[in-house]
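Structure record follows, encoded as structure tokens.
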Amino acid sequence: MTPSRFLATFGGCGLAPRAPGTVGSLAALLLGLPLLKRPKVLLGAIGVVSVAGWWAADRAGEGEDHSWIVIDEVAGMWVSLLACLPEDAEDPAAVRKSLGLSVLAFALFRLFDIKKPGPVGYLDRKHGATGIMGDDLVAGIMAAACIKAGRLLARHLPSSKG
């Protein structure tokens, strides 16, 4: 296995016999959860995976978005996690809430990645690394926007606490 293919498959996750995109996204979720307490590290990881993924997808996939290329799911999933950061990393309740939001981010990211609404579908039709990486990054942004909007809305709703 070449280095570009190893990276494109995210260490082999993309070689799963069924639902490789979901397997790659789930691996990204599990590896991303510890980064929720370290937002700067998460941002850096997104940057590194995006740049490396661009290179790997272009080289290993030869411009085609093969189902085994899942490094794009990793980048998009991690983008969606940006909206799930705990408000206070030292507060156990805030961390639990963050974990729950991360599961929601996973579901929203997969929904947008599979259904390809609007700009996700537009980028998916592009050839090369732009299409391969771009659609998942935008799906991650859309998932993060939904989570962020929900969190803002929840802050302004009347509390049911006593």
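This one's a predicted model, so the numbers in the text were calculated from it and none came from an experiment. In this chain, numbering begins with 1 at the start of the sequence shown.
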side-chain hydrogen bond (donor to acceptor under 3.5 Å, both in side chains) partners of S4, counting only residues at least two apart: T2
Tell me, please, which residues at least two apart from R18 pass side-chain hydrogen bond (donor to acceptor under 3.5 Å, both in side chains). none
Quick one: list whatever passes side-chain hydrogen bond (donor to acceptor under 3.5 Å, both in side chains) with R110, sequence neighbours left out. T22, D113
How close do A75 and S50 get, counting heavy atoms only, and between which atoms? CB-OG, 3.8 Å
Show me, pair by pair, the donor-acceptor contacts under 3.5 angstrom made by side chains of residues 53-64, not counting sequence neighbours?
none

Scan residues 79-114 for pairs that pass ring pair (Phe, Tyr, Trp, His ring centres under 6.0 Å), counting only residues two or more places apart or in two chains. none
Who pairs with L31 by side chain to side chain contact (heavy atoms under 4.5 Å, CB included), at least two apart in sequence or on another chain? F10, W78
Side-chain donor-acceptor distances from residues 87-105 under 3.5 Å, at least two apart:
residue, atom, partner, partner atom, Å
E87, OE2, R155, NH2, 3.1
D88, OD1, E90, N, 3.0
D91, OD1, A93, N, 3.2
S98, OG, C84, O, 2.3
S102, OG, S98, O, 2.8

Could you give the side-chain donor-acceptor pairs of residues 123-149 under 3.5 Å, partners two or more places apart or in another chain?
residue, atom, partner, partner atom, Å
R125, NH1, G121, O, 3.1
K126, NZ, Y122, OH, 3.1
D135, OD2, K116, NZ, 3.2

For a 4.5 angstrom cut-off between non-hydrogen side-chain atoms, does V23 reach L15? no
Between S80 (side chain) and M77 (backbone), is there a donor-acceptor pair under 3.5 Å? yes
Specify the closest pair of heavy atoms between L35 and A45, including all atoms of both residues, with the distance to one decimal. CD1-CB, 4.2 Å
Pairs involving residues 31-48, ordered by first then second residue, that meet side chain to side chain donor-acceptor pair (under 3.5 Å) (sequence neighbours left out): none
